[in-house]
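Below is one structure; the comments refer to it alone.
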Protein chains: 2
Amino acid sequence: MTLSDIEFPTPSEDADCRPVREILDRIADKWSLYIFVALKDGPVRFNALRRQIDGISQRMLTITLRQLERDGLISRTLFPTIPPRVDYELTAVGRSLLTPVMALMTWADSNRDVIEEARRQHDQTR
Amino acid sequence: MTLSDIEFPTPSEDADCRPVREILDRIADKWSLYIFVALKDGPVRFNALRRQIDGISQRMLTITLRQLERDGLISRTLFPTIPPRVDYELTAVGRSLLTPVMALMTWADSNRDVIEEARRQHDQTR
DNA sequence: CCTTGGCGGTATCAAACTGTGACCAACGCT
DNA sequence: AGCGTTGGTCACAGTTTGATACCGCCAAGG
């Protein structure tokens with residue numbers, strides 16, 4: 001039992017400090033990733049986002065957008081027309097996050113068959 | 001950027017998006033990413049994982065490991081010694097997921113200052 | 001001998017989080 | 001007049017998570 005190895009994170013490449021955790025806790029929730037993908041091609045209005053992200057409620061969309069805006073990943077622009085129009089758009093920082101997020105989406109897309117097969121086998125063997 | 005062209009070719013998004021969503025809902029929960037990073041260098045025992053992932057409860061570690069095992073992303077090996085020893089390890093599929101996950105971690109690590117500054121500004125302006 | 005502690009969990013219950021549906025005000029269309 | 005669209009907020013129900021206790025087994029310390 002090498003307690004020293006467990007206790008000390010490797011200094012060079014390890015990224016799991018507490019600030020990184022706070023950021024990942026924001027990104028890795030149920031809806032943030034979908035919002036990112038929905039905004040990847042440019043600004044989108046609130047209800048357009050709601051229609052695009054299947055299953056999200058109005059409340060959760062509002063809450064998640066507020067948090068992402070607080071983190072500086074998206075920007076909110078209100079046009080005081082009637083009816084009001086609100087555009088949400090990725091900031092520069094948000095667009096830089098889009099690269100690893102899309103890598104995740106691509107992985108999920110190309111590995112869904114493997115995972116579904118693993119689930120079936122696991123449920124049979126159970 | 002040819003990713004968008006590959007990812008969303010048809011207007012009927014249900015066929016393409018739903019399985020990807022199921023996978024991402026598994027990956028993008030509160031603890032899975034940390035388990036992946038904790039396992040990146042090889043097999044780790046249950047309580048070693050618990051110590052390494054700060055703040056996770058025994059219950060959530062068990063549940064999350066079971067789900068990841070069901071999806072074929074990690075493997076569970078029980079050594080019937082006294083005391084019992086259980087090793088968790090990334091499978092080949094799990095290791096392929098490690099690449100985009102580490103890209104996310106790296107992004108979070110290099111952008112944490114920007115995000116913390118954005119939070120401070122937002123909270124002041126509020 | 002007898003307490004303490006580590007191992008890998010399970011069971012239970014409260015707290016936190018998330019989803020559902022109703023409601024809002026202003027206006028355009030018919 | 002009545003309905004729909006805009007971007008939300010609020011109260012309440014349902015789900016998920018966390019804290020704590022407990023389990024059998026054994027090893028080490030006093």
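Please read these numbers as outputs of a predicted model, since none were measured by experiment. Throughout, protein chains are lettered first and strands after them, A, B, ... in sequence-line order, and every chain is numbered starting at 1. Below, all heavy atoms of this structure are taken into account, side chains as well, without hydrogens, waters or symmetry copies.
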Test of understanding: with salt bridge (charged side-chain N to carboxylate O under 4.0 Å, His left out), list the residues that count as partners of [X], not counting sequence neighbours.
X       : result
A/Asp29 : none
B/Asp54 : A/Arg18
A/Arg26 : A/Asp71
A/Arg70 : B/Asp123

To the nearest Å, how far apart are B/Ile82 CD1 and C/dC7 C1'?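 So the two atoms are 9 Å apart, to the nearest Å.
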Residue pairs involving residues 92-103 of chain B (criterion side chain to side chain donor-acceptor pair (under 3.5 Å); sequence neighbours excluded):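 Listed by first then second residue: A/Trp107-B/Ser96.
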What string of B, S and - do you get for nucleotides 7-19 of chain D 5' to 3' if you count protein non-hydrogen atoms under 4.0 Å? BBBBB-----BBB
Please confirm whether the shortest side-chain N or O distance from B/Arg51 to OP1 or OP2 of C/dG8 is below 4.0 Å.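 Indeed not, no polar side-chain atom of B/Arg51 lies that close.
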